[in-house]
There are 2 protein chains.
Amino acid sequence: MTDRRAGPTSSKVQGIAAEVRRRIVEREWRQGDRIPDEADLAIEFDAARATVNKALQLLADEGLLDRRRRAGTRVAVDPVRKATFTISLVREQVEHAGMDYSHRVVAQRRSPIPADIAERLGLPEGEVLVHMRTVHYGDGRPFQLEDRWINPRAAPGLDRLDFWQLNANEWLVRNIPYLRADFAFAAENANRRDARLLRTEPGRALLILHRTTWNDIGPITTVRLAFRPGHRVGAENGRSDSQ
Amino acid sequence: MTDRRAGPTSSKVQGIAAEVRRRIVEREWRQGDRIPDEADLAIEFDAARATVNKALQLLADEGLLDRRRRAGTRVAVDPVRKATFTISLVREQVEHAGMDYSHRVVAQRRSPIPADIAERLGLPEGEVLVHMRTVHYGDGRPFQLEDRWINPRAAPGLDRLDFWQLNANEWLVRNIPYLRADFAFAAENANRRDARLLRTEPGRALLILHRTTWNDIGPITTVRLAFRPGHRVGAENGRSDSQ
DNA sequence: TTTTCTATTATGTCTAGACTTATTTTGCTG
DNA sequence: CAGCAAAATAAGTCTAGACATAATAGAAAA
């Protein structure tokens, strides 16, 4: 997990947010309490209401405040916190860790989709998609195993490509923008194939990240990423990091 | 395909964001392209510059645009996407799934911290913290196993509490607000204790969520949450869901 | 040529004010 | 008293304009 630099240039919005945060942490304002309205805070902080609004929205997005029209702003009773995970390209993850990146496509073919994939994509079972399996390496050691289904209908230009050479994820990400994505983390015991490709033993617990992306045409691709044993995926919250 | 609700109240900001998103997806504006500046877009969309600014900031936060002062706004080449996970209380997760919630504290004592916990918290090894282990149930079946260390110095009022009765997480969340939290997902093979408490077999892959929270005094608590086998934690992005 | 200064520019931030909208309060009516 | 309509209110959104700031491009100096 990367470190987080000190307060971002401390703008007025950030200053107000920090002060409100402080009052909540110091329990001047307690869980459930109604806090002064935007107009009053604007006077207190000598700011425009829009500025106070932005600060309070920030804290509401963090889950620290509950805001409702007419009802006012309250300190959240159950601070439902949000953790933001940054999903970057495998190659960048590997290189960021100071390793040399390489990858190997171990399978690529057109194939009818099994039931679970069909359900995930909302396509009829047996529809023929492009299926590929890739191992990503860091310093020659397996880093991540990628099992991907691609919908050629939603990815024009796919046919002309040689994925035995190219990195599918990078091509997709750069050429087929998506409107929506969903993610899910899971844990699975490595099966024989996972174990062989990741050079570990069957049964080892693997962190799995499922991701499916969509555009206006339909599902683009769904992928199962299996990380090497022991890998962690981290996030941080608490200070919003817009910009 | 899952349902896609109509534009969220379709404000002007959302409308502009949607149109820019469309142009990127339709490849009118391609990866790396410079897009018109805020002033021009403001004229085109008949909006104030602040409104355009808000829309573009939204898309930049989503990772779809790169913006830099003076250099202008470009369509991101590597759309580093952010997935936001909502971390709610276990009880809410269980009840949201339509199950009856219950929990059982299986251990609670003061204990010197081992090396890994010490490192995670930035405290000297051997410092004495409160250590507790709780099983959370849904409809009587184990849902999550919680292994928690609490720093009494950062959690005043802790001593007077009876955690054999109370849910530690809920008490902390409601009474000791934190400034910063970090999260990490991992996968581990169930050890004997995990297996016994989650009523599964040793070796089963478990999804683990580590979370540590901090306030201005120092670390408050660190917790290892082990989900029951097969559990998934999901997120979605693509449309910002502020408010 | 390279370096350094300076002007320019697009985004970042803020303000004061207006209007909108969800929600609660209040007060009227049966 | 209940039920409903109207007033009040606090957040939501937007505008026009101002100034700040980072980064670039171009000009001047070495």
Side-chain angles (χ1 to χ4, degrees), chain A residues 5-20 23-24 29 32-77 239-243, chain B residues 5-20 23-24 29 32-77 239-243:
Chain A
R5 9 203 61 263
T9 52
S10 78
S11 62
K12 203 154 183 176
V13 168
Q14 292 291 338
I16 295 171
E19 174 59 17
V20 171
R23 291 186 189 175
I24 294 170
W29 293 338
D33 282 3
R34 169 96 178 270
I35 76 171
D37 65 35
E38 293 184 348
D40 290 344
L41 290 175
I43 293 166
E44 187 192 335
F45 292 120
D46 188 32
R49 189 166 79 83
T51 307
V52 173
N53 179 279
K54 207 171 178 187
L56 297 186
Q57 291 239 14
L58 193 78
L59 297 175
D61 284 348
E62 280 180 20
L64 215 62
L65 296 176
D66 283 331
R67 325 191 69 209
R68 268 166 53 232
R69 276 188 190 163
R70 159 80 220 212
T73 301
R74 292 175 179 278
V75 180
V77 176
R239 308 201 145 265
S240 164
D241 54 355
S242 294
Q243 305 109 47
Chain B
R5 0 203 62 263
T9 53
S10 79
S11 61
K12 204 155 184 177
V13 168
Q14 291 293 336
I16 295 171
E19 173 59 16
V20 171
R23 291 185 190 175
I24 293 170
W29 292 340
D33 282 3
R34 169 97 179 269
I35 77 171
D37 66 33
E38 294 184 347
D40 291 344
L41 290 175
I43 294 166
E44 187 194 335
F45 292 120
D46 188 34
R49 190 168 77 85
T51 308
V52 174
N53 178 278
K54 207 172 179 186
L56 297 186
Q57 291 240 16
L58 194 78
L59 297 175
D61 284 348
E62 281 180 18
L64 216 60
L65 297 176
D66 282 333
R67 328 191 66 211
R68 268 165 52 231
R69 274 187 191 161
R70 157 82 219 214
T73 300
R74 293 175 178 278
V75 180
V77 177
R239 307 200 146 268
S240 163
D241 54 354
S242 293
Q243 303 110 49

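Here is the naming used below: chain letters follow the sequence lines, and residue numbers restart at 1 for every chain.
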A:R74: partners by salt bridge (charged side-chain N to carboxylate O under 4.0 Å, His left out), with sequence neighbours left out: none
N/O donor-acceptor pair under 3.5 Å between A:K12 side chain and A:D46 backbone: yes
Check: A:L58 and A:Q14 side chains under 4.5 Å, non-hydrogen atoms: yes
DNA chain C-proximal residues of residues 43-52 of chain B, any heavy atom under 4.0 Å: B:R49
Distance, rounded to the nearest Å, where A:R34 contributes CZ and D:dT9 contributes P: 11 Å
Nearest-neighbour nucleotide for the B:D37 side chain, D:dG12, C:dA10, C:dT13 considered: C:dA10
Phosphate contact (D:dT15 OP1 or OP2) by B:K12 side-chain N/O below 4.0 Å: yes
All side-chain hydrogen bond (donor to acceptor under 3.5 Å, both in side chains) counterparts of A:R69, not counting sequence neighbours: none
Side chain to side chain, A:R67 and A:E38, heavy atoms closer than 4.5 Å: yes
Whole-Å distance separating the CG atom of B:L41 from the C1' atom of C:dT11: 12 Å
Side-chain heavy-atom pair B:V20, B:W29 within 4.5 angstrom cut-off: yes
d(CG, B:L56; C1', C:dA10) in whole Å: 11 Å
Ion pair A:E44/A:R23, N-O distance below 4.0 Å: yes
List every contact pair, protein side and nucleotides 3-8 of chain D side both N or O, where the distance is under 3.5 Å.
unit_1 : atom_1 : unit_2 : atom_2 : d
D:dA8  : N3     : A:R70  : NH1    : 3.1

Short side-chain N/O contact from A:R67 to OP1 or OP2 of D:dG12, under 4.0 Å: yes
Sugar-phosphate, base or nothing in reach of A:R74, heavy atoms under 4.0 Å: nothing
With sequence neighbours excluded, residues passing side chain to side chain contact (heavy atoms under 4.5 Å, CB included) with B:D66: B:A76
Candidates D:dA22, D:dT13, C:dT23 - which lies nearest the side chain of A:N53: D:dT13
Nearest-Å distance for atom pair CD/C1', residues A:Q57 and D:dA10: 13 Å
Integer-rounded Å distance: C:dA10 P and B:K54 NZ: 24 Å
Nucleotide D:dT13, atom C1' - distance to CD1 of B:I16 in whole Å: 12 Å
Residue list, side chain to side chain contact (heavy atoms under 4.5 Å, CB included) with A:D37, at least two apart or on another chain: A:A39, A:D40
Distance below 4.0 Å between B:R68 side-chain N/O and D:dT24 OP1 or OP2: yes
Value in whole Å for how far the P atom of C:dT24 lies from CZ of A:R69: 13 Å
Spacing of A:D61 atom CG relative to D:dG12 atom P, expressed in whole Å: 10 Å
